[in-house]
Structures are given as C-alpha cells and as structure tokens.
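Remarks on the structure that follows.
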Amino acid sequence: MHRIDQIELISDGNIFHFKSANSFINYFSKIKIGVFVLICLFTLGSWLDISGIWCELPFMIHQLPEGWRLPSILSAVSQFAQTGPFIYLLIRYFFPTRVDNVKVIYMILIFGAVSSFLLAFFWNKSVVVHEEKRSIYLYILHFTLSLLDGMSTLTFLPYVGEYFAKEYIIPNYIGESFSSLLPATLALIQGFQDEDCNIPYQNKTSTLTRTPYKAKYSVFVYFLLIFLLLLISIAAFSYLNFSNYAKRARKNRFSWVSAEFSLNDETVDDSSQRDKEMKQKRNIKEKEMEIRFLFILTVMVTFVYYGFLPGLMSYSTIPYSNKFFHLSITLSSILLPLSIILSIFSYEVSIQRICLESVAPFILSFYIYLVSVLSPCPPFVNNKYNLGGYLIVFCWIITSLMFMRIRCLIAAKLEKYGKNILLKLGCFTIIGQVFGGLTTYFMVEYLRLFIDRPKCAPIDFCY
C-alpha cells in the first residue's frame, strides 16, 4: 500500500517515486503542458450537455409539468439511451475494422453541440399525452445527448489511453469533471429561483406569500453558453488529433499490452521479447481476480451515484428549500475536479485503499436515500439554522468527490491491462448506471415511495 505523500507513476516499465513536495513538478516534467490542456478541453465535451441540463433543473423543475418527478424521469430516459453504446459495442465486435474511433468522437461532439443549441429553444415546450402534459421535446433531446455522452464513456478514455502515456489519464478525468464544473459555475452565477408563490396560501395560522428570486439570465442563454463550450471542445479535439505538436506526444501504440492484445506481430525470433511477453501474460492472468473485483466495484459506484441517486435529488433537497437543491447540484459539480487533482498525490494505490475510501460515500448515499424516503418532512427540515439543508449539501458534495476519485483510481489500476480492459470498464460503468436509474424510476413513477411537498406549502407544513 502506497503512502499518501507519495505518487508512483509507471511508464514504459519504469517506476518513479515522487515525494509530496515535488510531486506536481515531477508529474508535469513527464508530460507536455499543451497536450495536457488539450485533453482537458477535449474531454470537457464528454458530459457537458447532460450536466448542463441537471445543473439547470432548479430553474426548470418549477416551470415544467412533471414537477419533482422530473429528475427521475430524465434519469430513466438516460438509461434507455444507453442502448446506443451497446449497439456501438456490437458493431465494434462484428466489424472491428470499420469503426473509426476518431470519427465516432467527432459525431458525439458535433451532434451534442447541435442538440444543445436546439435545447435552448425547445426545453419548455410541452405536449399533451394521455391527458397529461409532458415535456416531450426535452425528453427527446435529453435522450439524444445521453446516447451520445454514453458513447463518450466508451471512446474518450480508450482514445487517450491508446495514443498517449498513462500520465494523460489524469487530464482525461479532469476534463470530465470540468464537464460538470463549468455548467455548475454558469448556474451558480445565474443564481437560484424560488417557487412562484404570489398567490396567497391560507393555513390555520398564517398566509404565505412569496416573491420568487429572478435569475440573472435565462435558461435560453444558459444552453447557448453550453453550445459555445462544446464548440471549444470540438476545436481542442481537432488540434489534438491533427497537429504535429500533439502527435509528437503520442506513445508507441503497440507497446500497450493487455490480456486480449499481445505483441505477436513483433519479431518472433527475438527470444528475450518472447520471454517478456510470456511473463506479462502470466502476470495478467494472476491479476484476473483483481480485474473482476474492480469491475464489480465500478458497477456498485455507478449504480449508486450515476444511476440511483440523481433521481432522488429533488426529494432529498427541495424540502429544505430550492436554495439547497441549487447548492447541492452546483457545489458538488464545481468541486469535482478537486478530487481528480488531489489524485496526483496518490495516483497508484492498493485495492485495500480503494475499498477503504469507498466506505464513506456509500454511507452518505444511504443517508441521502433516507432523507428522500422521509420527504417532504425529512430530519431537521424546520431547523432555524438550516442544519438539515447544509447537511444534505455536504452529503452530495462528499459523495460526488469520493465516487469520482474512486473511478479515477480504478481506471489508473486497470490502464496497464490495455484499451480492451478500459473499454470493458466503460461497459460496466454503463451497466451500473442503467440499473440504478431504472430502479429509481420504478420507485418514483410506479411504487410512489417518494412524496412531493405541495406547491407554496405553508411554513409550518411539517409541524
């Protein structure tokens, strides 16, 4: 088990130990800063548009007919969209020579940008379906973006891992975390919006009248800004893919050995090379249990954080006020890159360390679930110091940071086994997310286990 004040990076078979005082200097001495930035800007487009929708939910949820059910519905729509990545995997399996990863990435980024542009105009358009208003245009565009972003899970990391050295996995995850940070920052600048309660609500002791806080700019402007950020991501990928500067930073693709990819095309007469290959294969076989365990942990993490919890966001936060709904989304997204940057200090860790760090976010996730079940009157809901609201914001922030860090550590652990293992890691990420999202949707839409607070409810509603 590595100490926290060390970083151990493996590149081309060499092991480097970096002391904490010089870890950043030593790390950046092994990479090109320009390529580092380009990868961050490129992978920024991975989940930028979907993150933008979720960060804007505090503004959208009170204007759309679905109300508090909207997060669980959008989460379910996202899971149905994951059929796209599995179709992509089947095409790769049966027609491996016809799949160009670069062209697929361009398709993801360009169609994502177009969909974000359309979202600015159609997000609040509703259609009557079975005598109930539904935000069909939002569903369709969210489905499209989820399909594309799901495919980014299977293409972005394998692209970086195939063409660039191991050290560039960190900017891959920094860029992915920035795809949450930038939309959240825009939403934080935009401000939060209260329920429109200008119509008085009578109760036993008082009449409640609220004047909603107005945002600094509209949802329309917000999605146009997301569109512009995606254009930047497209430009960064183009420069990364075609410029001589970035090409000089690429590694020898045929030096990346995995259990499924061997170097049989090398000179077979070189006995030392054959011995090295046999040793590598034996070592990989000994690590099969480790790989399986990390896949299982990935499914658990993505089931909880990327599938199950998002649909409960409104039920766990809005009872304390729309402000805490807004803060939970924006702050957890804004602080997300911190967990990746801090991973530079402990880039290579043991499985025991990964398991230990997984305990806290799973416990906090259970508390979020408990608060959602008790909605609209969860613990500390009427505390004069807003203890319950700040506590739930804390839980969302810590679970976000820790689960992202765990994903980064797992990817770093599996990178040495090659791009096919990273591709499988992306598959298990999607599997966990799909089952988690559908579970929440079933609990919200059919079992009705979670209850909304009436609009403009009296202050003493939970007494």
Side-chain angles (χ1 to χ4, degrees), residues 43 46-48 50-51 53-54 71-72 74-86 88-89 142 145-158 161 169 172-173 175-177 179-180 290-313 329 332-333 336 339-340 343 351 354-355 357-366 368-369 372 395-415 421-443:
T43 54
S46 58
W47 291 92
L48 181 71
I50 288 296
S51 297
I53 293 177
W54 282 91
S72 66
L74 293 182
S75 181
V77 170
S78 294
Q79 313 323 320
F80 287 119
Q82 300 311 313
T83 54
F86 283 109
Y88 169 74
L89 286 175
H142 190 272
L145 293 173
S146 297
L147 187 151
L148 296 171
D149 292 355
M151 290 179 62
S152 75
T153 304
L154 304 178
T155 54
F156 284 24
L157 179 59
I169 283 183
N172 174 86
Y173 279 101
E176 184 176 325
S177 62
S179 70
S180 296
E290 174 182 293
I291 294 172
R292 292 193 187 102
F293 175 80
L294 292 176
F295 283 161
I296 293 172
L297 182 59
T298 296
V299 172
M300 293 172 60
V301 168
T302 55
F303 176 93
V304 172
Y305 187 66
Y306 295 97
F308 187 75
L309 288 185
L312 303 181
M313 175 69 79
I329 293 178
S332 60
S333 299
L336 202 57
S339 63
I340 310 301
S343 296
I351 288 186
I354 295 175
C355 292
E357 293 191 19
S358 302
V359 174
F362 278 117
I363 292 175
L364 294 178
S365 298
F366 178 76
I368 293 173
Y369 167 75
S372 302
C395 290
W396 277 103
I397 291 174
I398 297 302
T399 54
S400 175
L401 297 183
M402 292 303 298
F403 279 138
M404 176 57 81
R405 171 172 163 77
I406 290 166
R407 283 190 61 207
C408 183
L409 295 179
I410 291 174
K413 199 79 174 172
L414 293 177
E415 185 271 348
I421 292 297
L422 291 182
L423 185 63
K424 290 181 180 179
L425 179 65
C427 294
F428 283 106
T429 298
I430 293 173
I431 290 172
Q433 174 183 325
V434 167
F435 281 99
L438 294 180
T439 299
T440 303
Y441 179 76
F442 181 76
M443 295 170 70

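Along the sequence shown, residues are numbered consecutively beginning with 1.
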Any chance you could measure Leu145, atom CG, to Ser152, atom OG, to the nearest 0.5 Å? 11.0 Å
I would like to know whether Met402 and Leu364 meet side-chain contact (heavy atoms from CB on, under 4.5 Å); could you show each step before the answer? CA-CA 11 Å; Met402 292 303 298; Leu364 294 178; over 6 Å; no
Residue pair Phe308 / Met443, side-chain heavy-atom distance below 4.5 Å: yes
Closest heavy-atom contact between Ser333 and Ser180? CB-O, 3.2 Å
Phe403 vs Phe362 aromatic rings, parallel, tilted or perpendicular, using cut-offs 30° and 60°? perpendicular
Smallest separation among heavy atoms of Phe86 and Cys427, with atom names: CZ-O, 4.4 Å
Give me the atom names and distance for the closest heavy-atom approach of Thr399 to Pro361. CG2-O, 3.5 Å
Measure the spacing between CG of Leu438 and CD of Gln433 and express it to the nearest 0.5 Å. 10.0 Å
Which value, rounded to the nearest 0.5 Å, describes the distance between Ile368 atom CD1 and Ile363 atom CD1? 12.5 Å
Kindly give the heavy-atom pair with the smallest separation between Pro310 and Trp54, and that separation in Å. O-CZ3, 3.4 Å
Can you tell me how far the CZ atom of Arg405 sits from the CD1 atom of Ile410, to the nearest 0.5 Å? 11.5 Å
Looking at side-chain heavy atoms only, is the closest gap between Ser358 and Leu297 below 4.5 Å? yes
Ile169 and Ala411: which non-hydrogen atoms are nearest, and at how many Å? CD1-O, 4.5 Å
Is there a side-chain contact between Phe293 and Cys355, using heavy atoms and a 4.5 Å cut-off? yes
Any donor-acceptor pair under 3.5 Å from Ser400 side chain to Trp396 backbone: no
Are the side chains of Ile50 and His142 in contact, using a 4.5 Å heavy-atom criterion? yes
Backbone N or O of Gly311 within a donor-acceptor pair of the Ser72 side chain at under 3.5 Å? no
Thr153 side chain near Trp47 side chain, heavy-atom distance below 4.5 Å: yes
Is any side-chain heavy atom of Ser146 less than 4.5 Å from a side-chain heavy atom of Phe80? no
Report yes if the side chains of Leu414 and Lys424 come closer than 4.5 Å at any heavy-atom pair, otherwise no. no
How long is the gap from CD on Glu176 to CG on Leu157, to the nearest 0.5 Å? 8.5 Å
Rounded to the nearest 0.5 Å, how far does OG of Ser46 lie from CG of Leu48? 8.0 Å
Minimal heavy-atom distance between Thr298 and Phe428, with the atoms involved, is CG2-C, 4.3 Å
Any chance CZ of Phe435 has more than 12 other-residue heavy atoms, nucleotides or ligands included, within less than 6.0 Å? no
